[in-house]
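As structure tokens, the structure follows; a few thoughts come after it.
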Amino acid sequence: MSFKETIACIGAGYVGGPTMSVIAYKCPQYKVIVVDINEERIRRWNSDLLPVYEPGLDEIVKEVRGKNLFFSTDIEAAIKEANIIFVSVNTPTKEYGEGKGMAPDLRYLESSARQILKYANGDKIVVEKSTVPVRAAEEIKRVLSVSEKYHFEVLSNPEFLAEGSAINDLLFPDRVLIGSEETPQGIKAREKLVEIYANWVPREKIITSNIWSSELSKLASNAFLAQRISSINALSALCEKVGADIEEVSKNIGLDNRIGNKFLKASVGFGGSCFKKDILNLVYICKTYGLNEVADYWLKVVEINEYQKNRFVTNMIREMLSTLADKKIAVFGFAFKANTNDTRESAAITVVKKLLEEKAIVTIVDPKALENAKKDLEGVKGIVNYTEDPYEAVKDADAIAVLTEWDVFKQIDYEKIYSLMRKPSFVFDGRNILDHKLLYSIGFNVYPIGKPPLTHFKKI
Ligand code: UDX
Ligand code: UDX
């Protein structure tokens, strides 16, 4: 079969893999090649056990892989064959030198641009998919403009998918944002990308803008989302003091149309590869321009998140007779949210490390993320066990700490769980997903987030 055009993507991660799979699925007239330097990742993309778990992803990949979707390590061939090249490599927080701990590390973005420059055999459109600092397109352009033979147009097309609902978000996006230079060539390149998305996204949801607005909009979206969580989490601490219920507060404020009811769920803290990294990126940019007050404002969103994670463990220690040493704790969930195997920046990493520092014996239960949990905790001192079976995890345990809102944790038999645990038994529900009254009636001492605890202890 002959294709209209070939699209390549450098980076087969949580963003590149699902995004390109959906493009291939919705645009059979295009050939899509996803490349990555990581051979093991590519091997898994070509196997039955994909490296990324997302509801609906397996089905889509099975449908189009080998037809118009290909995963490969041959970066050179993909660059040569494609006219449109997405760059979806990781842009982690810099761990060295200038901007350490704040600025994004753009070396993979630059090396991708250099690969494109090296292997290009004609004009190419380069699409920034990775979240980048404002004006990153300019940096890419600087590398590519070295070419005397070919013209490269750089577009910004940030991805707004959330993990766990990636396929749905890609199939039915709120908007697709495409930024370009406002030159005739820039606008022409932008139109090419619009044409691809228009295969399944209604035109009015495909927004075009100047490239800097597009880059900043991605950082701003993540900062706003994270800010809502830190706002509700900050209030959850107050609720616990004054006897208010954070879920009622969330509901009441969310009924105001201007505020809206989404993203107001109090939790043990937000995780994921983006929020912290992107806010720190924003903070760094503000500082670079001398906007220290603006930087401090956004930094507080990250600080409140750290506070929330620490507060959760401090509360456990205080309520469990001020010591966790040798106590067994079943940690329900390690993924940073439900329906993903991703554990990057998961609150569970901080919580489990702190529990181990307190010399607690930890058993982690997670239906999808145990493989990543083991990697995250490699070399950490202390006793950690892993299981997919919650009943096994709670044997002789003193406490359960719910850290991910997986449905399976709602569906288990807590009478049986209680019977297997040491008494007094505690539940710390870091996601407010369990039936707290029921747990209390069974005999548990229950500590939700942002609500008064339900305990059987008598005040003396
Ligand atoms: C990444 C960024 O972290 C995020 O900021 C951005 O919005 C989208 O891209 P994600 O897909 O979740 O998100 O990252 P990751 O799962 O780490 O995937 C990146 C992939 O790029 C990895 O598989 C890595 O091997 C690959 N890569 C990295 C290359 O192929 N070439 C490189 O030079 C560097
Ligand atoms: C986020 C953005 O939502 C997405 O648009 C962007 O492209 C990437 O970053 P993601 O990190 O995958 O997506 O998941 P998200 O659903 O935003 O959740 C992030 C964290 O916030 C999770 O740890 C989640 O549990 C937590 N969260 C979310 C809350 O604690 N409360 C909420 O109300 C919502």
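Counting starts at 1 for both ligands and their atoms, following the listed order. Fair warning: this is a prediction, and the values are worked out from it, not measured in the lab. Positions are given from 1, in the same order as the sequence printed here.
Proximity of Trp45 to Leu50: side-chain heavy atoms (C-beta onward) are separated by under 4.5 Å at one or more points.
For ligand 2, the atoms lying closer than 4.0 Å to a non-hydrogen atom of Lys218 are 6 (C), 7 (O).
Of the polar atoms of Ser112, none of the N or O atoms is found under 3.5 Å from an N or O of ligand 1, judged by distance alone. Ligand 1 has an N or O atom lying under 3.5 Å from an N or O atom of Thr131, backbone or side chain. In terms of polar-atom proximity, Ile10 is not counted as a contact of ligand 1, lacking any N or O under 3.5 Å from an N or O of the ligand. When only interatomic distances are considered, the shortest N/O to N/O separation between Lys277 and ligand 1 falls below 3.5 Å. On a distance-only criterion, Glu405 and ligand 2 share no N/O pair closer than 3.5 Å. Ligand 2 has an N or O atom lying under 3.5 Å from an N or O atom of Leu161, backbone or side chain.
For atom 27 (N) of ligand 2, the closest heavy atom belonging to the protein is Ile229 CD1, 3.4 Å. Ranking the protein heavy atoms by distance from atom 26 (C) of ligand 1 puts Asp36 OD2, 3.2 Å first. Regarding atom 32 (C) of ligand 1, its nearest protein heavy-atom neighbour is Ile37 CD1, 3.5 Å.
Here Arg228 has no heavy atoms under 4.0 Å from ligand 2, in either its backbone or its side chain. Only the side chain of Leu225 comes within contact range of ligand 2, with a heavy atom under 4.0 Å; no backbone atom does.
Tyr414 and Asp435 are not linked by any side-chain donor-acceptor pair at a separation below 3.5 angstrom, with hydrogens and angles left out of the test. Residues Ser236 and Gln308 bring a donor and an acceptor atom of their side chains to less than 3.5 Å of each other. No hydrogens or angles considered: nothing links the side chains of Arg107 and Thr91 as a donor-acceptor pair under 3.5 Å. For the residue pair Asp376/Thr343, the side-chain donor-acceptor check at 3.5 Å is satisfied.
Across every non-hydrogen atom of Glu81 and Ile33, the tightest pair is OE1-CD1, 3.7 Å. Contact between Arg228 and Ile259 at its shortest, heavy atoms only, is NH1-O, 2.9 Å.
Under a 4.0 angstrom heavy-atom cut-off, Arg344 registers as being in contact with ligand 1.
Around atom 15 (P) of ligand 1, the closest heavy atom drawn from Arg41, Arg114, Glu110 belongs to Arg41.
Between Phe426 and Tyr447, the ring-plane angle classifies as parallel under the 30° and 60° cut-offs.
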